[in-house]
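First up is the structure itself, then whatever we jot down about it.
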Amino acid sequence: MILHTLIEYDVLRLTWWVLLGILLIGFALTDGFDLGTGILLPFVGKGDVERRVAINAVGPVWEGNQVWLILGGGAIFAAWPQLYAVSFSGFYLAMFAILFALIVRPVAFKFRSKREDAGWRQAWDMGLFVSGLIPALIFGVAMGNVLQGVPFRFDGSMQIFYEGSFFALLNPFALLCGLVSVTMLTMHGAAWLQLKTQGPVAERSRAIGSIAALLTAVLYAIAGVLLWKFIDGYHISSIVDPTGPSNPLLKTAELKVGVWFANYQAHPWTMAAPIVGLAGALLAFIGLRARREVATLLASSLSIAGIILSVGASMFPFILPSSLDPRASLTVWDSSSSHMTLFIMLVCTVVFMPIILAYTTWVYRVLWGKVDEKAISEERGHAY
């Protein structure tokens, strides 16, 4: 018996759908507070020392947090090749903007303090702000477009054709989702800065983070109502074989308003995701006002996880719907890699993921504690 047949194809497909969600959440939780800190930087630091306090709050860990982005991109490439092809080609300019921001960020970290000139440092501070804001906004805009359907299709030979434009992505609902992403990560960054800093930086973080937490809850609720009442969802209208070939054109699908909420009716336990997303933001607001540092970070983390999980729960089994040809929509059951590929990837994940988690846990434990403003003023003990 071939080893990979020990796990059924549909189980592997579902497992990798779950793992993709975990990787996205891991990226949002870790690199999310890096991006949020960048967004907050011009507002929480009123002088060079205060801004260096904020920067050093993420300085020792931001590079390691990038591993979740690499793992997520690699998982999409290997486990869902059609998803990778459509999203990375269709969202080309948006991806380029994210890439530009992610290139500016490490350069800003490394070069900001190389000169004493105030203008030099302010320019790199603006680079950190932009490199936090752009990815946060675009990731949310992308998610809003995915929920509405992306303009792509396949021809008879399975060649992909994308017929959208960059500016078409900037539609009202997608921009609303972008704002949810920005406020959500700003809230998370504020929770992290409250934990890692003290004095004026922490106080300003609490004030701005409180507003961001409330906006996250309100905007997320508005987006949910609009999705329920006005946005067409996708529904498979034919019989699908979960172990069948990866050919999206073998099914039929249709659009209907409110369909994205059908899974919540069929499986009420999935309502936990949006409830946690909304309640987590409100608890983060309470935690920020009450100066409960660890509890606030946990609440903001739960909010992020709940919001991301609510998208997955709404769309399942769809991964990337097509607004041009609904039957071309990519689903968990018809857009994955081969049985053998998914199995080999799972074995690698089982081996290496615990190592990554153990190392990450060890790093955060070693670097636990607040940034010392006095040490920064005396130019000792901090990298940036």
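Within the 4.5 Å cutoff, the side chain of Ile7 has heavy atoms near those of the Phe343 side chain. Side chains of Leu346 and Thr15 form a contact here, defined as non-hydrogen atoms less than 4.5 Å apart.
The aromatic rings of Phe88 and Tyr84 sit parallel to each other, their planes meeting at less than 30°, with 60° as the upper class boundary. Aromatic ring pairs are classed by plane angle as parallel below 30°, tilted from 30° to 60° and perpendicular above 60°; the pair Phe154 and Phe152 is perpendicular.
A donor-acceptor pair under 3.5 Å links the side-chain atoms of Glu50 to the main chain of Lys46, judged by distance alone. Checked by atom type and distance alone, the side chain of Ser205 never pairs as donor or acceptor with a backbone atom of Ala190 at under 3.5 Å. A distance-only check finds a donor-acceptor pair linking the side chain of Asp155 to the backbone of Met158 [under 3.5 Å]. The main-chain N or O of Gly36 is never found under 3.5 Å from a side-chain atom of His188 such that the two would form a donor-acceptor pair. Using a distance-only test at 3.5 Å, with no hydrogens or angles considered, a donor-acceptor pair links the side chain of Lys370 to the main chain of Leu195.
When all heavy atoms of Arg121 and Glu116 are compared, the pair lying nearest together is NH2-OE1, 3.6 Å. Between Ala223 and Phe173, the closest heavy-atom pair is O-CE1, 3.6 Å.
In this structure, Lys256 does not pair ionically with Asp232, as no charged nitrogen and carboxylate oxygen lie closer than 4.0 Å. Between Lys196 and Glu293 there is no salt bridge, since no side-chain N of the basic residue sits under 4.0 Å from a carboxylate O of the acidic one. Look at Asp48 and Arg112 and you find a salt bridge, because one of the NZ, NE, NH1 or NH2 atoms lies within 4.0 Å of a carboxylate O, short of that distance.
There is no side-chain donor-acceptor pair under 3.5 Å between Ser335 and Ser246. In this structure, a donor-acceptor pair under 3.5 Å is absent between the side chains of Tyr9 and Ser338. The closest side-chain donor-acceptor pair between Ser303 and Ser300, if any, does not fall under 3.5 angstrom.
For Thr216, the side chain to side chain donor-acceptor pair (under 3.5 Å) criterion is met by Thr183, not counting sequence neighbours.
The CE atom of Met187 sits 14.5 Å away from the CD1 atom of Ile208 when rounded to the nearest 0.5 Å.
Listed by first then second residue, pairs satisfying salt bridge (Lys or Arg N to Asp or Glu O under 4.0 Å) with a partner in residues 17-36 read Asp31-Arg105, not counting sequence neighbours.
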